[in-house]
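The next block holds one structure in the form of C-alpha coordinates; read it before the comments.
Just so it is clear: chains get the letters A, B, ... in the order the sequence lines come, proteins before strands, and each one is counted from 1.
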Number of protein chains: 2
Amino acid sequence: MASTEDTIAVRISKELADRIISGAIEPGSRLRQDHVAEEFNTSHVPVREAFRRLEAQGLAISEPRRGVRVASFDLGEVREVAEMRAALEVLALRHAAPHLTASILEKAEEATKAGDKSRDVRSWEEANRTFHRLILSPCNMPRLLSTIDDLHAASARFLFAAWRSEWETRTDQDHRAILSALRQGNTESAAATLGRHVQWIGQKPVKTASGKTRDAFAIVG
Amino acid sequence: MASTEDTIAVRISKELADRIISGAIEPGSRLRQDHVAEEFNTSHVPVREAFRRLEAQGLAISEPRRGVRVASFDLGEVREVAEMRAALEVLALRHAAPHLTASILEKAEEATKAGDKSRDVRSWEEANRTFHRLILSPCNMPRLLSTIDDLHAASARFLFAAWRSEWETRTDQDHRAILSALRQGNTESAAATLGRHVQWIGQKPVKTASGKTRDAFAIVG
DNA sequence: AGTTCAAAAATTATCTATAATTTCACACGA
DNA sequence: TCGTGTGAAATTATAGATAATTTTTGAACT
(Lines give C-alpha, C1' and ligand atoms only; values in the text may rest on other atoms or scores of the structure.)
Protein backbone atom coordinates (compact mmCIF):
# COMPACT_ATOMS: atom_id res chain seq x y z
CA MET A 1 0.00 0.00 0.00
CA ALA A 2 1.33 3.42 -0.95
CA SER A 3 -0.28 5.12 2.04
CA THR A 4 3.08 5.30 3.80
CA GLU A 5 4.21 7.72 1.15
CA ASP A 6 1.15 9.89 1.52
CA THR A 7 1.03 12.75 3.92
CA ILE A 8 -1.06 12.21 7.04
CA ALA A 9 -3.70 14.60 5.73
CA VAL A 10 -4.14 12.46 2.62
CA ARG A 11 -4.41 9.26 4.65
CA ILE A 12 -7.06 10.80 6.86
CA SER A 13 -9.06 12.19 3.96
CA LYS A 14 -9.04 8.82 2.22
CA GLU A 15 -10.22 7.00 5.30
CA LEU A 16 -12.94 9.55 6.02
CA ALA A 17 -14.03 9.56 2.37
CA ASP A 18 -14.41 5.81 2.57
CA ARG A 19 -16.56 6.06 5.68
CA ILE A 20 -18.74 8.77 4.21
CA ILE A 21 -19.21 6.87 0.96
CA SER A 22 -19.97 3.60 2.70
CA GLY A 23 -22.48 5.35 4.92
CA ALA A 24 -20.56 4.57 8.11
CA ILE A 25 -20.93 8.26 8.97
CA GLU A 26 -24.42 9.69 8.62
CA PRO A 27 -25.07 12.58 6.21
CA GLY A 28 -25.34 15.80 8.17
CA SER A 29 -23.31 14.60 11.12
CA ARG A 30 -20.51 16.75 12.39
CA LEU A 31 -16.85 15.97 11.91
CA ARG A 32 -14.97 17.29 14.93
CA GLN A 33 -11.31 17.94 14.28
CA ASP A 34 -10.06 17.07 17.74
CA HIS A 35 -11.94 13.78 17.81
CA VAL A 36 -10.63 12.78 14.40
CA ALA A 37 -7.14 13.92 15.40
CA GLU A 38 -7.27 11.79 18.52
CA GLU A 39 -8.49 8.76 16.61
CA PHE A 40 -5.66 8.99 14.11
CA ASN A 41 -3.11 9.92 16.77
CA THR A 42 -2.20 13.21 15.20
CA SER A 43 -2.69 16.88 15.84
CA HIS A 44 -5.60 18.63 14.19
CA VAL A 45 -3.53 20.44 11.58
CA PRO A 46 -3.48 17.54 9.11
CA VAL A 47 -7.10 16.85 10.01
CA ARG A 48 -8.10 20.31 8.87
CA GLU A 49 -6.28 19.77 5.60
CA ALA A 50 -8.11 16.49 5.15
CA PHE A 51 -11.38 18.37 5.66
CA ARG A 52 -10.49 20.77 2.84
CA ARG A 53 -9.97 17.81 0.52
CA LEU A 54 -13.31 16.26 1.45
CA GLU A 55 -14.94 19.62 0.86
CA ALA A 56 -13.48 19.80 -2.64
CA GLN A 57 -14.81 16.33 -3.43
CA GLY A 58 -18.28 17.38 -2.34
CA LEU A 59 -18.35 14.89 0.50
CA ALA A 60 -18.34 17.46 3.30
CA ILE A 61 -19.59 20.96 3.87
CA SER A 62 -17.68 23.48 5.91
CA GLU A 63 -18.99 26.64 7.49
CA PRO A 64 -16.45 29.10 8.89
CA ARG A 65 -16.11 28.85 12.66
CA ARG A 66 -18.95 26.35 12.76
CA GLY A 67 -17.19 23.27 11.68
CA VAL A 68 -17.51 20.63 9.05
CA ARG A 69 -20.35 18.23 8.48
CA VAL A 70 -20.92 15.31 6.16
CA ALA A 71 -22.73 16.56 3.06
CA SER A 72 -26.33 15.46 2.82
CA PHE A 73 -28.04 14.78 -0.48
CA ASP A 74 -31.45 14.41 -2.06
CA LEU A 75 -33.01 13.19 -5.28
CA GLY A 76 -32.00 16.45 -6.94
CA GLU A 77 -28.34 15.81 -6.35
CA VAL A 78 -28.61 12.22 -7.51
CA ARG A 79 -30.05 13.51 -10.77
CA GLU A 80 -27.41 16.20 -11.03
CA VAL A 81 -24.56 13.74 -10.59
CA ALA A 82 -26.17 11.35 -13.09
CA GLU A 83 -26.40 14.05 -15.72
CA MET A 84 -22.88 15.28 -15.11
CA ARG A 85 -21.58 11.75 -15.37
CA ALA A 86 -23.49 11.23 -18.62
CA ALA A 87 -22.07 14.38 -20.17
CA LEU A 88 -18.49 13.81 -19.03
CA GLU A 89 -18.23 10.05 -19.46
CA VAL A 90 -19.56 10.33 -23.00
CA LEU A 91 -16.92 12.97 -23.69
CA ALA A 92 -14.21 10.80 -22.17
CA LEU A 93 -15.31 7.73 -24.12
CA ARG A 94 -15.20 9.58 -27.42
CA HIS A 95 -11.57 10.46 -26.77
CA ALA A 96 -10.67 7.09 -25.29
CA ALA A 97 -12.19 5.02 -28.08
CA PRO A 98 -9.31 5.41 -30.57
CA HIS A 99 -6.87 4.21 -27.91
CA LEU A 100 -8.80 1.20 -26.70
CA THR A 101 -7.06 -2.11 -27.21
CA ALA A 102 -8.42 -5.64 -27.28
CA SER A 103 -6.67 -6.25 -23.97
CA ILE A 104 -8.45 -3.33 -22.28
CA LEU A 105 -11.83 -4.45 -23.62
CA GLU A 106 -11.05 -7.95 -22.35
CA LYS A 107 -10.39 -6.60 -18.85
CA ALA A 108 -13.56 -4.53 -19.05
CA GLU A 109 -15.52 -7.65 -19.92
CA GLU A 110 -14.04 -9.43 -16.92
CA ALA A 111 -15.06 -6.51 -14.72
CA THR A 112 -18.61 -6.80 -16.06
CA LYS A 113 -18.65 -10.52 -15.25
CA ALA A 114 -17.33 -9.80 -11.77
CA GLY A 115 -20.16 -7.31 -11.34
CA ASP A 116 -22.75 -9.84 -12.46
CA LYS A 117 -21.47 -12.34 -9.91
CA SER A 118 -21.35 -9.88 -7.03
CA ARG A 119 -23.40 -10.86 -4.02
CA ASP A 120 -23.16 -7.49 -2.24
CA VAL A 121 -23.35 -3.84 -3.31
CA ARG A 122 -19.82 -3.05 -2.35
CA SER A 123 -18.20 -5.54 -4.66
CA TRP A 124 -20.69 -4.70 -7.39
CA GLU A 125 -19.81 -1.03 -7.10
CA GLU A 126 -16.12 -1.81 -7.27
CA ALA A 127 -16.53 -3.91 -10.40
CA ASN A 128 -18.71 -1.24 -11.97
CA ARG A 129 -16.20 1.47 -11.21
CA THR A 130 -13.42 -0.66 -12.65
CA PHE A 131 -15.39 -1.12 -15.86
CA HIS A 132 -15.95 2.60 -16.30
CA ARG A 133 -12.40 3.50 -15.43
CA LEU A 134 -10.99 0.94 -17.84
CA ILE A 135 -12.82 2.18 -20.88
CA LEU A 136 -12.41 5.89 -20.03
CA SER A 137 -8.81 6.18 -18.80
CA PRO A 138 -7.21 6.02 -22.27
CA CYS A 139 -8.72 9.43 -23.09
CA ASN A 140 -5.63 10.92 -21.46
CA MET A 141 -7.46 13.86 -19.97
CA PRO A 142 -6.41 14.04 -16.33
CA ARG A 143 -8.70 16.85 -15.26
CA LEU A 144 -11.69 15.18 -16.84
CA LEU A 145 -10.86 11.83 -15.25
CA SER A 146 -10.43 13.29 -11.81
CA THR A 147 -13.77 15.10 -12.06
CA ILE A 148 -15.38 11.81 -13.12
CA ASP A 149 -13.73 10.09 -10.15
CA ASP A 150 -15.35 12.52 -7.75
CA LEU A 151 -18.71 11.93 -9.40
CA HIS A 152 -18.25 8.18 -9.03
CA ALA A 153 -17.57 8.68 -5.34
CA ALA A 154 -20.85 10.56 -5.03
CA SER A 155 -22.64 7.85 -7.02
CA ALA A 156 -21.28 5.16 -4.76
CA ARG A 157 -22.55 7.07 -1.77
CA PHE A 158 -26.07 7.26 -3.17
CA LEU A 159 -25.92 3.58 -3.98
CA PHE A 160 -24.80 2.46 -0.54
CA ALA A 161 -27.39 4.67 1.11
CA ALA A 162 -30.14 2.82 -0.77
CA TRP A 163 -28.77 -0.70 -1.11
CA ARG A 164 -26.80 -0.98 2.09
CA SER A 165 -27.76 -4.58 2.78
CA GLU A 166 -30.08 -6.19 0.24
CA TRP A 167 -28.69 -6.57 -3.23
CA GLU A 168 -29.95 -8.83 -5.94
CA THR A 169 -27.72 -10.06 -8.70
CA ARG A 170 -28.48 -8.79 -12.16
CA THR A 171 -26.56 -9.02 -15.38
CA ASP A 172 -25.47 -5.77 -16.89
CA GLN A 173 -26.71 -5.72 -20.47
CA ASP A 174 -25.63 -2.11 -20.96
CA HIS A 175 -22.00 -2.89 -20.27
CA ARG A 176 -22.13 -5.73 -22.80
CA ALA A 177 -23.79 -3.51 -25.41
CA ILE A 178 -21.13 -0.85 -24.88
CA LEU A 179 -18.30 -3.36 -25.23
CA SER A 180 -19.84 -4.88 -28.33
CA ALA A 181 -20.21 -1.47 -29.98
CA LEU A 182 -16.64 -0.58 -29.10
CA ARG A 183 -15.35 -3.84 -30.55
CA GLN A 184 -17.13 -3.01 -33.78
CA GLY A 185 -15.57 0.43 -33.77
CA ASN A 186 -18.98 2.03 -33.39
CA THR A 187 -17.99 4.76 -30.95
CA GLU A 188 -21.15 6.82 -31.29
CA SER A 189 -23.39 3.90 -30.44
CA ALA A 190 -21.22 3.03 -27.45
CA ALA A 191 -21.30 6.64 -26.28
CA ALA A 192 -25.07 6.87 -26.66
CA THR A 193 -25.58 3.69 -24.64
CA LEU A 194 -23.16 4.89 -21.96
CA GLY A 195 -24.97 8.21 -21.74
CA ARG A 196 -28.28 6.49 -21.15
CA HIS A 197 -26.70 3.89 -18.89
CA VAL A 198 -25.34 6.27 -16.26
CA GLN A 199 -28.58 8.21 -16.13
CA TRP A 200 -30.63 5.21 -15.11
CA ILE A 201 -31.79 5.99 -11.60
CA GLY A 202 -32.97 3.09 -9.46
CA GLN A 203 -35.57 3.45 -6.78
CA LYS A 204 -36.00 1.47 -3.59
CA PRO A 205 -37.96 1.82 -0.35
CA VAL A 206 -35.78 2.17 2.73
CA LYS A 207 -36.52 2.49 6.42
CA THR A 208 -35.66 5.87 7.89
CA ALA A 209 -34.34 6.43 11.39
CA SER A 210 -37.85 7.23 12.57
CA GLY A 211 -39.09 3.84 11.44
CA LYS A 212 -41.08 5.06 8.45
CA THR A 213 -40.31 3.95 4.92
CA ARG A 214 -39.49 6.33 2.11
CA ASP A 215 -38.01 5.91 -1.33
CA ALA A 216 -34.28 6.10 -1.87
CA PHE A 217 -32.78 6.80 -5.27
CA ALA A 218 -29.42 5.92 -6.73
CA ILE A 219 -27.52 5.73 -9.95
CA VAL A 220 -27.19 2.08 -10.93
CA GLY A 221 -24.57 2.18 -13.64
CA MET B 1 -16.62 43.06 0.89
CA ALA B 2 -17.47 39.79 2.56
CA SER B 3 -13.84 38.82 3.03
CA THR B 4 -13.96 39.81 6.67
CA GLU B 5 -16.36 36.95 7.22
CA ASP B 6 -14.15 34.47 5.47
CA THR B 7 -11.53 32.50 7.24
CA ILE B 8 -7.93 33.57 6.62
CA ALA B 9 -7.30 30.45 4.55
CA VAL B 10 -10.12 31.42 2.20
CA ARG B 11 -8.84 34.98 1.87
CA ILE B 12 -5.36 33.74 1.01
CA SER B 13 -6.62 31.20 -1.50
CA LYS B 14 -8.74 33.83 -3.25
CA GLU B 15 -5.85 36.24 -3.49
CA LEU B 16 -3.43 33.58 -4.74
CA ALA B 17 -5.99 32.28 -7.21
CA ASP B 18 -6.32 35.77 -8.58
CA ARG B 19 -2.57 36.09 -9.01
CA ILE B 20 -2.25 32.70 -10.67
CA ILE B 21 -5.11 33.42 -13.05
CA SER B 22 -3.84 36.86 -13.96
CA GLY B 23 -0.40 35.45 -14.57
CA ALA B 24 1.23 37.49 -11.83
CA ILE B 25 2.78 34.22 -10.66
CA GLU B 26 4.47 32.14 -13.34
CA PRO B 27 3.26 28.61 -14.06
CA GLY B 28 5.63 26.12 -12.47
CA SER B 29 6.93 28.50 -9.85
CA ARG B 30 7.00 27.37 -6.27
CA LEU B 31 4.65 28.62 -3.60
CA ARG B 32 6.54 28.67 -0.32
CA GLN B 33 4.32 28.52 2.71
CA ASP B 34 6.51 30.62 4.98
CA HIS B 35 6.90 33.37 2.42
CA VAL B 36 3.18 33.51 1.77
CA ALA B 37 2.52 33.39 5.50
CA GLU B 38 4.86 36.29 6.07
CA GLU B 39 3.28 38.34 3.30
CA PHE B 40 -0.20 37.87 4.74
CA ASN B 41 1.00 38.28 8.31
CA THR B 42 -0.17 34.88 9.41
CA SER B 43 1.34 31.57 10.31
CA HIS B 44 1.65 28.89 7.67
CA VAL B 45 -1.25 26.80 8.95
CA PRO B 46 -3.95 28.75 7.09
CA VAL B 47 -1.57 29.01 4.15
CA ARG B 48 -1.44 25.24 3.87
CA GLU B 49 -5.22 25.10 3.86
CA ALA B 50 -5.29 27.71 1.11
CA PHE B 51 -2.92 25.51 -0.88
CA ARG B 52 -5.33 22.59 -0.59
CA ARG B 53 -8.09 24.74 -2.06
CA LEU B 54 -5.95 25.86 -4.97
CA GLU B 55 -5.04 22.25 -5.58
CA ALA B 56 -8.69 21.28 -5.79
CA GLN B 57 -9.33 24.03 -8.32
CA GLY B 58 -6.52 22.75 -10.47
CA LEU B 59 -4.51 25.95 -10.08
CA ALA B 60 -1.69 24.40 -8.09
CA ILE B 61 0.04 21.04 -7.86
CA SER B 62 1.27 19.66 -4.58
CA GLU B 63 3.81 16.92 -4.10
CA PRO B 64 4.20 15.49 -0.60
CA ARG B 65 7.22 16.91 1.23
CA ARG B 66 8.24 18.75 -1.90
CA GLY B 67 5.93 21.67 -1.76
CA VAL B 68 3.37 23.30 -3.96
CA ARG B 69 3.86 24.86 -7.36
CA VAL B 70 1.64 26.79 -9.71
CA ALA B 71 0.14 24.36 -12.21
CA SER B 72 1.54 24.65 -15.69
CA PHE B 73 -0.53 24.00 -18.79
CA ASP B 74 -0.20 23.23 -22.46
CA LEU B 75 -2.38 23.12 -25.54
CA GLY B 76 -3.69 19.74 -24.41
CA GLU B 77 -5.13 21.18 -21.24
CA VAL B 78 -6.63 24.14 -23.07
CA ARG B 79 -8.44 21.67 -25.31
CA GLU B 80 -9.47 19.55 -22.33
CA VAL B 81 -10.98 22.51 -20.50
CA ALA B 82 -12.72 23.69 -23.67
CA GLU B 83 -14.35 20.31 -24.19
CA MET B 84 -15.37 19.99 -20.57
CA ARG B 85 -16.88 23.44 -20.66
CA ALA B 86 -18.76 22.59 -23.84
CA ALA B 87 -20.22 19.43 -22.34
CA LEU B 88 -21.13 20.97 -19.00
CA GLU B 89 -22.31 24.39 -20.12
CA VAL B 90 -24.61 22.80 -22.68
CA LEU B 91 -26.02 20.60 -19.94
CA ALA B 92 -26.48 23.59 -17.66
CA LEU B 93 -28.14 25.64 -20.37
CA ARG B 94 -30.67 22.92 -21.15
CA HIS B 95 -31.75 22.97 -17.52
CA ALA B 96 -31.57 26.72 -17.15
CA ALA B 97 -33.54 27.54 -20.28
CA PRO B 98 -37.03 26.92 -18.81
CA HIS B 99 -36.23 29.30 -15.95
CA LEU B 100 -34.77 32.14 -17.99
CA THR B 101 -36.68 35.40 -17.74
CA ALA B 102 -36.70 38.44 -20.01
CA SER B 103 -34.87 40.32 -17.28
CA ILE B 104 -32.03 37.79 -17.18
CA LEU B 105 -31.68 37.84 -20.95
CA GLU B 106 -31.63 41.62 -20.81
CA LYS B 107 -28.74 41.56 -18.32
CA ALA B 108 -26.94 38.99 -20.46
CA GLU B 109 -27.27 41.30 -23.44
CA GLU B 110 -25.78 44.13 -21.44
CA ALA B 111 -22.88 41.91 -20.45
CA THR B 112 -22.31 41.13 -24.12
CA LYS B 113 -22.26 44.84 -24.94
CA ALA B 114 -19.84 45.48 -22.10
CA GLY B 115 -17.62 42.77 -23.55
CA ASP B 116 -17.73 44.32 -26.99
CA LYS B 117 -16.66 47.65 -25.57
CA SER B 118 -13.81 46.26 -23.46
CA ARG B 119 -10.41 47.72 -24.20
CA ASP B 120 -8.43 45.17 -22.20
CA VAL B 121 -8.57 41.40 -21.71
CA ARG B 122 -9.37 41.58 -18.06
CA SER B 123 -12.60 43.48 -18.43
CA TRP B 124 -13.53 41.43 -21.49
CA GLU B 125 -13.05 38.25 -19.48
CA GLU B 126 -15.17 39.59 -16.67
CA ALA B 127 -18.00 40.52 -19.02
CA ASN B 128 -17.78 37.16 -20.74
CA ARG B 129 -17.88 35.28 -17.46
CA THR B 130 -20.88 37.35 -16.36
CA PHE B 131 -22.71 36.43 -19.58
CA HIS B 132 -22.13 32.73 -19.10
CA ARG B 133 -23.01 32.80 -15.45
CA LEU B 134 -26.22 34.72 -16.07
CA ILE B 135 -27.66 32.28 -18.56
CA LEU B 136 -26.46 29.15 -16.71
CA SER B 137 -27.17 29.91 -13.05
CA PRO B 138 -30.94 29.29 -13.24
CA CYS B 139 -30.27 25.58 -13.83
CA ASN B 140 -30.16 25.23 -10.06
CA MET B 141 -27.46 22.60 -10.04
CA PRO B 142 -24.86 23.75 -7.53
CA ARG B 143 -22.30 21.04 -8.12
CA LEU B 144 -22.46 21.58 -11.85
CA LEU B 145 -22.12 25.34 -11.48
CA SER B 146 -19.15 25.12 -9.18
CA THR B 147 -17.37 22.74 -11.57
CA ILE B 148 -18.06 25.19 -14.40
CA ASP B 149 -16.68 28.01 -12.24
CA ASP B 150 -13.40 26.18 -11.82
CA LEU B 151 -13.23 25.62 -15.57
CA HIS B 152 -13.82 29.33 -16.17
CA ALA B 153 -10.93 30.12 -13.85
CA ALA B 154 -8.71 27.85 -15.91
CA SER B 155 -9.99 29.45 -19.12
CA ALA B 156 -9.23 32.91 -17.83
CA ARG B 157 -5.72 31.83 -17.02
CA PHE B 158 -5.11 30.56 -20.54
CA LEU B 159 -6.54 33.79 -21.90
CA PHE B 160 -4.38 36.09 -19.79
CA ALA B 161 -1.30 34.06 -20.61
CA ALA B 162 -1.85 34.70 -24.30
CA TRP B 163 -3.45 38.16 -24.37
CA ARG B 164 -1.77 39.75 -21.39
CA SER B 165 -1.36 43.13 -23.00
CA GLU B 166 -2.65 43.45 -26.57
CA TRP B 167 -6.34 43.00 -27.01
CA GLU B 168 -8.43 44.05 -29.95
CA THR B 169 -12.09 44.77 -29.64
CA ARG B 170 -14.42 42.38 -31.42
CA THR B 171 -18.15 41.97 -31.26
CA ASP B 172 -19.38 38.66 -29.99
CA GLN B 173 -21.80 37.29 -32.57
CA ASP B 174 -22.10 33.94 -30.78
CA HIS B 175 -23.47 35.55 -27.65
CA ARG B 176 -26.06 37.39 -29.72
CA ALA B 177 -27.04 34.23 -31.56
CA ILE B 178 -27.43 32.39 -28.27
CA LEU B 179 -29.62 35.14 -26.80
CA SER B 180 -31.74 35.32 -29.91
CA ALA B 181 -32.33 31.57 -29.91
CA LEU B 182 -33.19 31.64 -26.21
CA ARG B 183 -35.67 34.48 -26.75
CA GLN B 184 -37.38 32.39 -29.41
CA GLY B 185 -37.51 29.45 -27.04
CA ASN B 186 -35.20 27.47 -29.26
CA THR B 187 -33.14 25.86 -26.53
CA GLU B 188 -31.48 23.25 -28.72
CA SER B 189 -30.17 25.82 -31.15
CA ALA B 190 -28.87 27.96 -28.29
CA ALA B 191 -27.18 24.93 -26.71
CA ALA B 192 -25.58 23.91 -30.00
CA THR B 193 -24.19 27.40 -30.54
CA LEU B 194 -22.92 27.56 -26.96
CA GLY B 195 -21.22 24.18 -27.34
CA ARG B 196 -19.38 25.38 -30.45
CA HIS B 197 -18.73 28.79 -28.93
CA VAL B 198 -16.74 27.62 -25.91
CA GLN B 199 -14.67 25.26 -28.00
CA TRP B 200 -13.34 28.01 -30.20
CA ILE B 201 -9.64 28.16 -29.43
CA GLY B 202 -7.79 31.29 -30.40
CA GLN B 203 -4.13 31.33 -31.33
CA LYS B 204 -1.58 34.08 -30.91
CA PRO B 205 2.20 34.41 -31.07
CA VAL B 206 3.81 35.40 -27.77
CA LYS B 207 7.35 36.07 -26.71
CA THR B 208 8.79 33.50 -24.34
CA ALA B 209 11.19 34.28 -21.54
CA SER B 210 14.09 33.27 -23.77
CA GLY B 211 13.12 35.89 -26.34
CA LYS B 212 11.78 33.50 -28.96
CA THR B 213 8.22 33.62 -30.16
CA ARG B 214 5.90 30.65 -29.96
CA ASP B 215 2.14 30.26 -30.32
CA ALA B 216 -0.12 30.57 -27.32
CA PHE B 217 -3.62 29.14 -27.28
CA ALA B 218 -6.69 30.13 -25.33
CA ILE B 219 -10.41 29.65 -25.17
CA VAL B 220 -12.07 32.83 -26.43
CA GLY B 221 -15.68 32.37 -25.38
C1' DA C 1 -44.38 24.11 30.44
C1' DG C 2 -41.93 27.19 27.78
C1' DT C 3 -38.45 31.34 27.15
C1' DT C 4 -34.60 33.86 27.92
C1' DC C 5 -30.20 34.74 29.39
C1' DA C 6 -25.58 33.97 31.15
C1' DA C 7 -21.91 31.13 32.48
C1' DA C 8 -19.47 26.86 31.36
C1' DA C 9 -17.93 23.59 28.14
C1' DA C 10 -16.72 22.36 23.77
C1' DT C 11 -14.96 23.45 19.44
C1' DT C 12 -12.78 26.04 15.76
C1' DA C 13 -9.02 28.86 14.06
C1' DT C 14 -4.67 30.47 14.61
C1' DC C 15 0.10 30.97 16.38
C1' DT C 16 4.62 29.35 17.96
C1' DA C 17 7.85 25.70 18.28
C1' DT C 18 10.02 21.47 16.69
C1' DA C 19 11.13 17.48 13.88
C1' DA C 20 11.88 15.61 9.39
C1' DT C 21 12.92 16.15 4.70
C1' DT C 22 14.50 18.35 0.67
C1' DT C 23 17.22 21.65 -1.83
C1' DC C 24 21.35 24.03 -2.71
C1' DA C 25 26.16 25.18 -2.85
C1' DC C 26 30.53 23.81 -2.97
C1' DA C 27 34.30 20.94 -2.85
C1' DC C 28 36.36 16.67 -4.41
C1' DG C 29 37.67 13.07 -7.53
C1' DA C 30 37.14 10.65 -12.10
C1' DT D 1 34.29 19.22 -17.53
C1' DC D 2 31.24 16.54 -15.49
C1' DG D 3 29.35 13.88 -12.13
C1' DT D 4 29.06 12.85 -7.11
C1' DG D 5 28.88 13.34 -2.41
C1' DT D 6 28.50 16.04 1.87
C1' DG D 7 27.07 19.51 5.00
C1' DA D 8 24.46 23.86 5.65
C1' DA D 9 20.36 26.27 4.73
C1' DA D 10 15.79 26.31 3.48
C1' DT D 11 11.45 24.27 3.49
C1' DT D 12 7.70 21.12 4.55
C1' DA D 13 4.95 18.65 7.92
C1' DT D 14 3.39 17.96 12.38
C1' DA D 15 2.87 18.87 17.40
C1' DG D 16 1.59 21.57 21.24
C1' DA D 17 -0.28 25.88 23.11
C1' DT D 18 -3.47 29.86 22.93
C1' DA D 19 -7.18 32.90 21.50
C1' DA D 20 -11.70 33.42 19.70
C1' DT D 21 -16.14 31.67 18.73
C1' DT D 22 -20.01 28.66 19.05
C1' DT D 23 -22.81 25.38 21.43
C1' DT D 24 -24.63 23.56 25.48
C1' DT D 25 -26.36 23.68 30.04
C1' DG D 26 -29.06 25.16 33.55
C1' DA D 27 -31.20 28.44 36.37
C1' DA D 28 -34.34 32.33 36.68
C1' DC D 29 -38.38 34.22 35.02
C1' DT D 30 -43.07 34.45 32.64
Rounded to the nearest Å, what distance is computed from the CG atom of residue A:N41 to the P atom of nucleotide D:dG16? 10 Å
Does any N or O donor sit under 3.5 Å from an N or O acceptor when you compare the side chain of B:H44 with the base of D:dT14? yes
Residue B:R65, side-chain heavy atoms: nucleotide from C:dT16, C:dT21, D:dA15 that is nearest: C:dT21
For the side chain of B:R30, starting at C-beta, report the closest nucleotide among C:dT11, C:dT14, D:dT11. D:dT11
Side-chain N or O of A:T7 versus OP1/OP2 of D:dT12: is the shortest distance under 4.0 Å? no
5′-ward residue of the pair B:R32/B:V45 relative to DNA chain D: B:R32
Pair A:S62-A:R52, side chain to side chain donor-acceptor pair (under 3.5 Å): steps then yes or no: CA-CA 8 Å; A:S62 152; A:R52 297 288 90 80; 3.3 Å; yes
Separation of D:dA20 C1' from B:I8 CD1 (nearest whole Å): 12 Å
Mapping A:G67 and B:S43 to their closest nucleotides on DNA chain C, which lands nearer the 5' end? A:G67
Are A:F217 and A:F158 close enough that their ring centers fall under 6.0 Å? no
Closest heavy-atom contact between B:D120 and B:S123? OD1-OG, 2.9 Å
CD1 of A:I12 versus P of D:dA15: gap in Å, rounded? 9 Å
Between A:H175 and A:N128, does any side-chain donor sit less than 3.5 Å from a side-chain acceptor? yes
Tell me which of B:T42 and A:R66 sits closer to the 5' end of DNA chain C, going by the nucleotide each one is nearest to. A:R66
